[in-house]
Amino acid sequence: MHTGRNRNDQVATAMKIYALDEVEWIIEVLEKVIPAFTDEAQEHLEMIMPSYTHLQRAKPITDDHSLMADVEMFYRDYGRITDTAKRIKEMSL
């Protein structure tokens with residue numbers, strides 16, 4: 001049945017649906033990972049470990065500091081991914 005759209009439009013729409021499904025999966029994973037890292041950081045407030053800068057050892061830090069740095073990166077990724085989801089949902093036709 002002819003839908004009034006060419007095959008390229010249909011392929012682009014199918015790709016957007018696939019990308020949106022994947023982006024929503026990534027958002028779900030990040031929503032689980034961020035609290036897990038935060039909880040783990042709460043448990044390691046006193047654990048001291050070496051930090052690195054430019055692949056060389058730097059001053060010692062606590063493990064929670066390292067974990068919370070990862071959480072900040074996850075939050076940045078979360079913002080980028082949610083923005084991507086908004087852009088994918090825009091109608092291209």
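Keep in mind that what you see is a predicted model, and the values were worked out from it rather than measured. Worth knowing before you read on, the calculation uses all heavy atoms, side chains too, and leaves out hydrogens, waters and symmetry mates.
Separating the OG atom in Ser51 from the NZ atom in Lys59 is a distance of 7.5 Å, to the nearest 0.5 Å. Separation of atoms CG (Asp64) and CD (Glu40) is listed at 11.0 Å; rounding is to 0.5 Å. If you take CD1 on Ile81 and CD1 on Ile26, they are separated by 4.5 Å, rounding to the nearest 0.5 Å. Taken to the nearest 0.5 Å, the OG1 atom of Thr82 stands 9.5 Å off from the CD atom of Glu31.
Ala19 and Ile88 get closest at one heavy-atom pair: CB-CD1, 3.9 Å. Residue Ala85 comes nearest to Val23 through the heavy atom pair CB-CG1, 3.6 Å, listed as atom of the first residue, atom of the second, then distance. The two residues Phe74 and Leu30 have their closest heavy-atom pair at CD2-CD2, 3.9 Å.
The main-chain N or O of Glu90 is found under 3.5 Å from a side-chain atom of Lys16 such that the two form a donor-acceptor pair. Within the 3.5 Å criterion, the main-chain N or O of Ala58 finds no donor-acceptor partner in the side chain of Thr53.
Within a 6.0 Å sphere centred on NE2 of His65, heavy atoms belonging to other residues, nucleotides or ligands number 12 at most. Around the CE atom of Met49, the shell of radius 6.0 Å holds more than 12 heavy atoms that belong to other residues, nucleotides or ligands. Annotation: Leu45, atom CG; neighbour count of heavy atoms from other residues, nucleotides and ligands within 6.0 Å is above 12.
Leu67 and Met73 sit in two unconnected hydrophobic clusters of ILVMFWY residues. Membership requires side-chain heavy atoms under 4.5 Å apart, directly or through other members. Connection of Trp25 to Val33 is established within a shared hydrophobic cluster, with ILVMFWY side chains joined at heavy-atom distances below 4.5 Å, either directly or through further cluster members. The hydrophobic cluster containing Ile61 does not contain Met47, counting ILVMFWY residues as joined when their side-chain heavy atoms lie under 4.5 angstrom apart, directly or transitively. Leu20 and Ile17 fall into different hydrophobic clusters, where Ile, Leu, Val, Met, Phe, Trp and Tyr side chains are chained together by heavy-atom contacts under 4.5 Å.
Here the side chains of Met68 and Phe37 are not in contact, with every heavy-atom distance at 4.5 Å or above.
The salt bridge (Lys or Arg N to Asp or Glu O under 4.0 Å) test with Asp83 is passed by exactly one of Lys86, Arg80, Arg87: Arg87.
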